Amino acid sequence: MKNKLVFLIFIVFAFLLQCGKESNGENTAPAEAEMRSLDAVSEKKVAPSASRSEESIEQPSVENQLGQVFVPIPTSSERLLEYQVQLSYQTQNLIKTRKDILGFITKYGYIESSSAVNADSPYMSLRIHIHSEKLYEALIELDTYGVLQSEDISTVDHTEGMVWQKIKSNREKIRLGRRTNANNQTSANSKNWQAIEEAVTDSENNLDQSEHEIWKIKDKVKWATLTVQFSTPIPPDKIQVPTYKNAFIGILNVFLDLTYYLIWMIPFFLLAGILYFPLKKIGKYFKK
């Protein structure tokens with residue numbers, strides 16, 4: 001009896017264990033299937049975004065491999081920088097570009113010099129001064145007038161020079177004040193009056209020179225210098241057919257020139273013919 005009871009308990013325990021395994025397998029299978037579906041959805045979402053990011057990267061064209069002009073990063077206003085920019089562009093229509101650049105100059109600054117040649121290979125070269133505060137905007141607008149071929153952007157830092165000129169100016173103001181006071185306290189009959197007057201004049205001249213140097217530095221910082229060149233694409237070689245009519249015209253002109261000079265020589269020939277026989281007789285006479 002006890003053996004039967006133990007056997008029955010063992011069968012029930014085995015049955016329950018088997019049911020637990022099946023329930024666990026059924027639960028894990030949907031979970032794994034759900035994870036696979038989520039991975040597939042995420043891959044579908046990532047793939048279009050990745051393709052869009054690759055498409056968003058603009059590849060430079062063959063004609064414009066250099067891209068747009070490099071725009072300098074604005075620096076702190078504490079630095080006194082003079083910008084010097086040299087640019088070279090290629091344009092398809094130089095006449096239209098010239099008209100556009102004239103409007104560009106009146107918008108951003110003034111022109112220092114310009115030269116243009118309209119020949120088989122037309123080109124235009126300009127030297128322009130642009131407001132430094134509008135330099136970045138001007139460089140971006142220049143890119144609309146042609147394809148950038150070369151660029152050279154450099155700066156000259158005048159911060160140190162400005163500090164030195166201000167020190168000199170302040171020092172000369174102090175000297176001028178001292179010498180002016182000394183000059184006011186000295187009578188015209190004093191021996192030192194002339195030397196003090198010359199010292200005051202030197203201080204005034206040095207102060208004027210320092211102020212002028214400060215103005216020149218501010219002017220250089222205020223205006224950026226742009227040297228811009230525009231050219232057209234090199235045209236393909238052409239077959240040049242000479243004008244044959246010019247050859248016949250040249251031959252005719254040479255013939256007419258010869259006849260012209262022959263007409264001038266006719267009187268000399270007649271005179272030589274008239275004098276030939278008398279001179280011949282005279283020569284025979286002297287020989288005898």
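Residue numbers start at 1 and run along the sequence shown. If you're wondering where the values come from, they're calculated on a predicted model, not measured in any experiment.
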Checklist outcome for this item: Residues Met124 and Ile101: closest non-hydrogen pair is CE-CG2, 4.1 Å

Next on the checklist: In the structure I gave you, are the side-chain heavy atoms of Thr232 and Gln92 within less than 4.5 Å of one another anywhere?
Outcome noted: no

Next on the checklist: Going by side-chain contact (heavy atoms from CB on, under 4.5 Å), Ile217 matches just one of His212, Glu82, His158. Which one?
Outcome noted: His158

Checklist entry - Is there a side-chain contact between Ile95 and Asn118 (heavy atoms, below 4.5 Å)? => result yes

Checklist entry - Does one side chain, of Ser125 or Ser115, offer a donor that lies under 3.5 Å from an acceptor on the other? => result no

Checklist entry - Does the gap between the ring centers of Tyr83 and Trp223 come in under 6.0 Å? => result no

Checklist entry - Does some side-chain heavy atom of Glu151 sit less than 4.5 Å from a side-chain heavy atom of Gln86? => result no

Checklist entry - Is there a side-chain contact between Tyr89 and Leu87 (heavy atoms, below 4.5 Å)? => result yes

Checklist entry - Could you state the interatomic distance from NZ (Lys222) to CH2 (Trp215), rounded to the nearest 0.5 Å? => result 9.5 Å

Checklist outcome for this item: Value for OG1 (Thr91) from CD (Gln149), rounded to nearest 0.5 Å, stands at 10.5 Å

Checklist entry - With distance as the sole test, does Ser169 use its side chain to make a donor-acceptor pair with the main-chain N or O of Gln165 at under 3.5 Å? => result no

Item to check | Donor-acceptor contact present, side-chain Thr259 to main-chain Phe255, <3.5 Å | outcome: yes

Checklist entry - Step by step, would you call Tyr108 with Glu137 a side-chain contact (heavy atoms from CB on, under 4.5 Å)? => result CA-CA 9 Å; Tyr108 291 103; Glu137 181 182 352; 3.3 Å; yes

Item to check | Shortest non-hydrogen contact between Ile130 and Gly109, atoms and distance | outcome: CD1-N, 4.3 Å

Checklist entry - Between atom CG of Leu102 and atom CG of Leu126, what is the distance when rounded to the nearest 0.5 Å? => result 8.0 Å

Item to check | Stepwise salt bridge (Lys or Arg N to Asp or Glu O under 4.0 Å) test for Glu141 and Lys107 | outcome: CA-CA 11 Å; Glu141 184 171 339; Lys107 180 179 178 182; 3.3 Å; yes

Checklist entry - CZ/Phe104 to OG1/Thr144 distance, rounded to the nearest 0.5 angstrom? => result 8.5 Å

Next on the checklist: Side chains of Val221 and Leu81, heavy atoms from C-beta outward: is any pair under 4.5 Å?
Outcome noted: no

Next on the checklist: Apply side-chain hydrogen bond (donor to acceptor under 3.5 Å, both in side chains) to residues Gln84 and Thr155 and explain how you reach the verdict.
Outcome noted: CA-CA 6 Å; Gln84 297 177 355; Thr155 58; over 6 Å; no

Checklist entry - What do the steps show when you test Phe269 against Met265 for side-chain contact (heavy atoms from CB on, under 4.5 Å), and what is the final call? => result CA-CA 6 Å; Phe269 292 148; Met265 296 298 293; 3.8 Å; yes

Next on the checklist: Is there a side-chain contact (heavy atoms from CB on, under 4.5 Å) between Arg127 and Leu226? Walk through the geometry before answering.
Outcome noted: CA-CA 6 Å; Arg127 186 176 176 86; Leu226 271 69; over 6 Å; no

Next on the checklist: Check this for me, if you would: do Glu213 and Lys168 make a salt bridge, where the nitrogen-to-carboxylate-oxygen distance has to be below 4.0 angstrom?
Outcome noted: no

Item to check | Approximate separation, where rounding is to 0.5 Å, of Ile128 CD1 and Ile111 CD1 | outcome: 6.0 Å

Item to check | Straight-line distance of His129 NE2 to Tyr110 OH, nearest 0.5 Å | outcome: 4.0 Å

Checklist entry - Distance-only, no hydrogens or angles: does the Asn170 side chain make a donor-acceptor pair with backbone N or O of Lys166 under 3.5 Å? => result yes

Checklist entry - Just wondering, are more than 12 heavy atoms of other shown residues or ligands nearer than 6.0 Å to OH in Tyr123? => result no

